Structures are given as C-alpha cells and as structure tokens.
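Note that the coordinates shown come from a computational prediction; the quantities given were computed from them, not determined experimentally.
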Amino acid sequence: GQPLPAMSHSPPPLGMPEDDVRTCAQLLVAGLACLKVAAFFGEGKEFCEHFAEIFTVMDPRDFTDVLSVRMGTLFDIMAADADALTVAAHLVQSSSVGRVFNALLAKFLTEHKLQLLADHASNEALLVQKLFRLVFLGLTLADGEQLLVPTLVGLVGKCLAAAQQQRDPLAYLQLLRILFKHCHASREPLQQLYHELAPQLSGALHTLLAILEGPNCSEVGRNSSAPACSISAWHLTVERPQIACRQQQRWDCVMMLTPLLLLLLLLLLLLLLLLL
C-alpha cells in the first residue's frame, strides 16, 4: 500500500489568546476591588499576598501582556489604599515573574509618574518613591540588573533635568540618592549599570553643583527632613578580588573604581544638598 502522508505538526501558539489576556487583566482590577472588604475584616495585606500569588504562576510573557495594560490602574489602586502596595512588593520578590514585573514597574514610573515628585509631600509622590525603592531592590535579583539598566540610565537623566527645572527638587535628589546608595550597597558589583552610568556621572556632578549654587538651594534645605540623614556612613570598601596583587592589574582596577568614586562623590554632594 501507499505510505500515509506525513502529518504536519504546527508549533503551539506562544502565550495566551488575546481574550484570555483581557480576562486576566479584568481579574486583576476586579480582585483588587475586593480589597476594601478584606480590609474591613483586618485582612487587607494577607488578601493582597494571596491575590498576587495568582499571577506569579503565569508564564512571564503572559504576565507581561496582562500587567502592561493595567499598571496605571494598579498605581491608582495603591494610591487609594496602602494595603495594595503589598501586591507590588510580593510580585517584585517572586522568583518567577519578579524581574519582569520590576522592569515593567520601573518603565511605567519613569515614563509616566516622575512629574508627581514635583510636589514631594503629596501621597502620590510618596508612593512613587516607595515603588522605586522596590525597583532598586530588584537590582539584587538574578539578571535583574540587565533588565533594569536601560530604564535606570534614563531615570538618572530625567531626575537631573527635573531637579534643575523644578522650584523644589528635593524628591528628585532623594531618588538619585536612593539609587546610588543601592548601587553601592549591592553585594555583587553592578558592572553593567556602572558602565552605562559612567558617561553621565561627570555631568551629574556638574548639575548638582549648579543646584547647590542656584537660587533654590535654600528652599531645598527648608524642605529637608530627618530621613535625609539616613546615610550615616559610606565606607567605600568596595571589595574587588586581587586589587593591586599584580602590577599589570593596577590600571584596570583604577578604571573600574573610577565610576564608584564618582558615585561616592555624588552621594556626598546629594547629602549636602539635602542637609542645607
């Protein structure tokens, strides 16, 4: 008999269908709408942790499709109810989708919410700072730096520009201080981030010096508060293996430490601005 024709096996479609993505996005909004009920019984944070766990089992591509269309809604819900911040904190720490969520959150905040820092005392500005702290913690996750670097480089430039333009640049300076502090405090050297930020550090130093000498400096000082003193010491003992062990390695070590020294100088200058 004649051989049977070969069966064609088409690869399964990647990701969820569009209708399922919309359904999950609606679930995110509808679920968080139930937060008020849980909060009434004093279980708001626990509810948010369990609810966030639903999305950690998703494929990262599907997770991206769902969350990318609901970041604005999630932000508004967190601004209205502090317990909802638990959702973001839980997703950032997830081993499966944490890196992806961190990248989405950083991009959303940088592109859409930085202007809220102009009024540093507003609830929205405080929320933006809290969320950026979560983002910076994501630098310690495996491969977290690689996904965040492009956004963080843009963030530094936007913060410096806003600090020069705004009458009250306090929140932008605080955000830069927090970022640089996390860069120094990271256990592993953030080589890619240092490499990308290095060209901006000199310009950042000149910008901060200009702010220090500018007319708004005294106003920054009046708006400063105790949290500005939170960095009690920067012991720049940046551990690098075998520094100065061999003569031929010395120049490489100097080139590697230069961005770190500039970051230290920027940190000290930021502290000075915030304490004036």
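For the pair Cys24 and Asp62, the minimum side-chain heavy-atom distance is 4.5 Å or more. Counting heavy atoms from C-beta outward, Met78 and Asp83 have side chains that stay 4.5 Å or more apart. The closest side-chain heavy-atom distance from Thr110 to Phe132 is below 4.5 Å. Between Phe101 and Val135 there is no side-chain heavy-atom pair separated by less than 4.5 Å. Residues Leu155 and Leu114 are in side-chain contact: their nearest non-hydrogen atoms beyond the backbone lie under 4.5 Å apart. Side-chain atoms of Pro17 and Asp20, non-hydrogen and from C-beta on, do get closer than 4.5 Å to each other. The closest side-chain heavy-atom distance from Leu85 to Leu127 is below 4.5 Å. At least one side-chain heavy atom of Leu35 sits under 4.5 Å from a side-chain heavy atom of Cys48.
Residue Arg133 places its CZ atom among 12 or fewer non-hydrogen atoms of other residues, nucleotides or ligands, all under 6.0 Å distant.
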Passes side chain to side chain contact (heavy atoms under 4.5 Å, CB included), Thr86 versus Phe47? Steps please. CA-CA 9 Å; Thr86 305; Phe47 168 84; over 6 Å; no

Take Leu67 and Leu28 through the test side chain to side chain contact (heavy atoms under 4.5 Å, CB included) and record every step on the way to the result. CA-CA 9 Å; Leu67 268 293; Leu28 176 65; 4.0 Å; yes

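Looking at residues two or more places apart in sequence or on another chain, you find a salt bridge (charged side-chain N to carboxylate O under 4.0 Å, His left out) between Arg22 and Glu18, Asp19.
Under a 3.5 Å cut-off, the side chain of Asn102 and the backbone N or O of Val92 do not form any donor-acceptor pair. Without hydrogens or angle criteria, Thr56 side chain to Glu53 main chain gives a donor-acceptor distance under 3.5 Å.
Checked by atom type, the side-chain pair Gln26/Thr23 shows no donor-acceptor distance below 3.5 Å.
Note on Ile54 and Val66: same hydrophobic cluster, where clusters join Ile, Leu, Val, Met, Phe, Trp and Tyr whose side-chain heavy atoms are under 4.5 Å apart, directly or indirectly. At a threshold of 4.5 Å between side-chain heavy atoms, the hydrophobic network of Ile, Leu, Val, Met, Phe, Trp and Tyr places Val153 and Leu173 in one connected group.
Among pairs with a residue in residues 53-90, those fulfilling ring-ring contact (aromatic ring centres under 6.0 Å, His included) read Phe51-Phe55, at least two apart in sequence or across chains.
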